[in-house]
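One structure is given here, and the rest of the page talks about it.
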Amino acid sequence: MTMATISTLPARVRFAPSPTGFLHLGGLRTALFDWLYARHTGGQFILRIEDTDQKRFNPESLDDLMRSLRWLGLEWDEGPDIGGPHAPYIQSERRAIYRQYADWLVEHGKAYRCYTTEAELEELRAAGKPYDRRHRNLTPEQRAAFEAEGRPYVIRFAAPLTGSTTVHDAIRGPITVENSSVVDPVLLKSDGLPTYHLAVVVDDHLMEITHVLRGEEWIPSAPLHVMIFDAFGWSAPVFVHLPVILDPSGKGKMSKRKTVVDGREFSPFVRDYISGGYLPDAMFNFLANMGWSYDAEQEIFTREEAISRFDVADISPKATALPFGKLEWMNGVYIRRMAPTQFAEAVAPYIAADLGMSVESLRHDRRLIELAPLIQERIKVLTEATPLVDWAFAPAEQITYPDPTLLIGKKLTAVESIDVLKASAEIVADIEPFEVSALEAAFRSRAEAMQVKLGSFLAPVRVAITGKPVSPPLFESMHVLGRAETLIRIGNAIQALRLHAMQTA
RNA sequence: GGCCCCAUCGUCUAGUGGACUAGGACUCAGCCCUUUCAAGGCUGCGACAGGGGUUCGAAUCCCCUUGGGGCUACCA
């Protein structure tokens with residue numbers, strides 16, 4: 001590696017999802033940018049779980065999240081499972097910390113206990129009004145009365161009533177809002193857990209986070225976070241609000257359900273791409289192009305190249321719709337670039353699952369080893385492999401010809417096609433050695449002798465041995481099957497075509 | 001409604017005042033190659049939302065309009 005001119009200090013960047021469901025592509029993109037920036041600066045990538053909403057907690061999601069991140073190759077330096085200098089990294093295990101900091105704010109007049117009931121708040125909402133700061137300036141007597149009553153309370157932030165606050169966003173520049181628009185948000189809920197606002201500020205400070213990359217839906221509350229940092233007397237990290245990912249069909253945020261593009265369904269969840277035959281390298285490359293670009297003329301690049309050039313300042317502020325068609329294309333590019341043996345290893349599980357075979361036996365199966373390189377440039381996702389090779393794993397009886405007309409070559413009659421199949425059988429029976437090049441030479445000269453174009457000559461044979469009009473290269477396919485099996489299938493096809501000719505005559 | 005963000009081909013993007021007759025990629029169409037399907041090669045279609053400024057000069061800077069998006073919870 002050459003010495004890059006890195007003027008940036010090592011950054012501490014965290015990915016802080018809340019475990020409420022399966023990780024989606026937007027979250028993965030955020031994690032990727034976090035990781036990229038941490039690696040670019042030689043800093044740390046930290047995973048922190050923001051589970052302060054016990055109602056929305058989904059126990060499956062933590063595992064899904066870590067699996068997804070690791071699948072993409074985003075290893076974290078500190079996190080819930082591996083610990084670190086600022087453990088724990090799960091917010092529900094840090095509640096005492098938040099309580100302590102919330103109390104500190106109350107003691108210093110920067111926050112206050114609010115006893116407003118759910119019903120009172122509902123009244124305000126119904127009238128279309130925000131919270132009216134009614135308990136901001138309670139007298140000691142009023143407060144004592146509420147306490148004596150045993151009323152539950154929340155702790156609200158006493159936001160400045162005048163002036164304005166400016167947030168410096170690394171990709172958008174300064175964003176200023178009037179302080180009066182921030183109406184004393186809740187910092188600590190009545191269940192004793194903090195809201196996002198308190199937890200994020202306390203943890204980002206305690207964990208020495210230098211750069212906060214998060215979705216742009218956080219822009220409106222960013223000024224509040226700056227105010228809270230100020231109230232504690234802490235300096236705020238650099239804020240980088242990533243553009244949202246739009247739904248490709250229609251508009252708005254990408255939906256939580258499947259979305260249909262060009263008649264095909266695409267899921268927003270990472271897990272579906274893991275099981276759907278996508279390669280982590282391709283997904284990595286694809287996502288890296290969403291809102292950031294490596295180079296004006298080059299969009300296929302390695303992880304190392306991305307790390308060397310990635311900078312938060314170069315991220316685009318524009319919301320983007322994921323071009324799923326491009327994801328498929330890129331996955332195909334990565335599939336084609338794999339070493340043949342590596343590709344065979346990668347497709348084996350998918351084919352084995354579809355065919356009900358054991359992955360281990362398939363991995364060492366001569367048929368797969370021979371077929372894999374032939375289908376490598378023909379599929380865009382690993383799940384497309386099976387229909388291209390299943391015929392090789394089925395016995396001849398299972399290769400039926402429900403539509404016998406497929407056995408008729410272009411510009412040929414049924415009878416002529418039968419002649420072609422008979423000639424083919426002769427070649428297959430006699431050829432020595434039974435190898436691809438010998439087969440090809442023999443078929444070519446026989447086609448020429450019979451004055452049939454090679455394409456037309458081969459079509460009936462292709463359908464005869466694979467049962468399909470589309471297949472991997474024919475001579476190789478015959479070789480995979482072997483002489484005997486090939487002859488049986490051609491024989492069966494001749495029978496089927498004869499029957500068809502008789503019925504239509 | 002209020003506050004905030006955004007605006008280049010259908011989509012992802014390059015572009016930070018002159019190198020722009022606006023470049024690349026996906027998709028689509030055509031041609032070539034070819035044993036089917038792919039892959040590959042070549043060509044083509046296709047954009048600076050509109051209007052005002054600033055400037056010798058604007059896709060690039062400012063303003064307005066329009067359009068899109070986000071937030072507006074004791075959710076994150």
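Lettering of chains follows the sequences in order, A, B, ..., and the numbering in each one begins at 1.
At a threshold of 4.0 angstrom between heavy atoms, the contacts of A:Ser456 with the nucleic acid are absent. Nucleic acid contact for A:Glu299: base, since at least one base atom lies under 4.0 Å from a heavy atom of the residue. Nucleic acid contact for A:Ser18: sugar-phosphate only, since backbone atoms but no base atoms lie under 4.0 Å from a heavy atom of the residue. The residue A:Leu474 sits close to a base: some heavy atom pair falls under 4.0 Å. Within the nucleic acid shown, A:Pro17 has no heavy atom closer than 4.0 Å to any nucleic acid atom. A:Phe443 comes within 4.0 angstrom of nothing in the nucleic acid, heavy atoms only. When heavy atoms are screened at a 4.0 angstrom cut-off, A:Met330 is found touching no nucleic acid atom at all. Heavy atoms of A:Pro19 sit nowhere under 4.0 angstrom from any nucleic acid atom.
Applying the 3.5 Å distance criterion, the base of B:C12 shares no donor-acceptor pair with the side chain of A:Thr320.
Nucleotide B:A7 is matched to B:U66 when pairs are restricted to Watson-Crick or G-U wobble geometry with both distances under 3.5 angstrom. Nucleotide B:G1 has B:U72 as its partner under the Watson-Crick or G-U criteria, with both atom distances under 3.5 Å.
Of the side-chain N and O atoms in A:Arg56, none sit less than 4.0 angstrom from OP1 or OP2 of B:A76. Look at A:Arg462 and you won't find any side-chain N or O under 4.0 angstrom from OP1 or OP2 of B:C37. Residue A:Lys318 places no side-chain N or O under 4.0 Å from the OP1 or OP2 atom of B:C48. Residue A:Lys189 places at least one side-chain N or O under 4.0 Å from the OP1 or OP2 atom of B:C75. Residue A:Arg125 places at least one side-chain N or O closer than 4.0 Å to OP1 or OP2 of B:C74.
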*Kindly determine whether A:Ile209 and A:Val13 satisfy side chain to side chain contact (heavy atoms under 4.5 Å, CB included), including the steps that lead there.*
CA-CA 6 Å; A:Ile209 300 303; A:Val13 193; 5.9 Å; no
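Here B:A76 presents its C1' atom at 10 Å from NE2 of A:His225, a figure rounded to the nearest Å.
Relative to the side chain of A:Ala321, the nucleotides B:U11, B:G24, B:C4 differ in distance, and B:U11 lies closest.
For the residue pair A:Ser471 and A:Thr466, no side-chain donor N or O sits within less than 3.5 Å of a side-chain acceptor on the partner.
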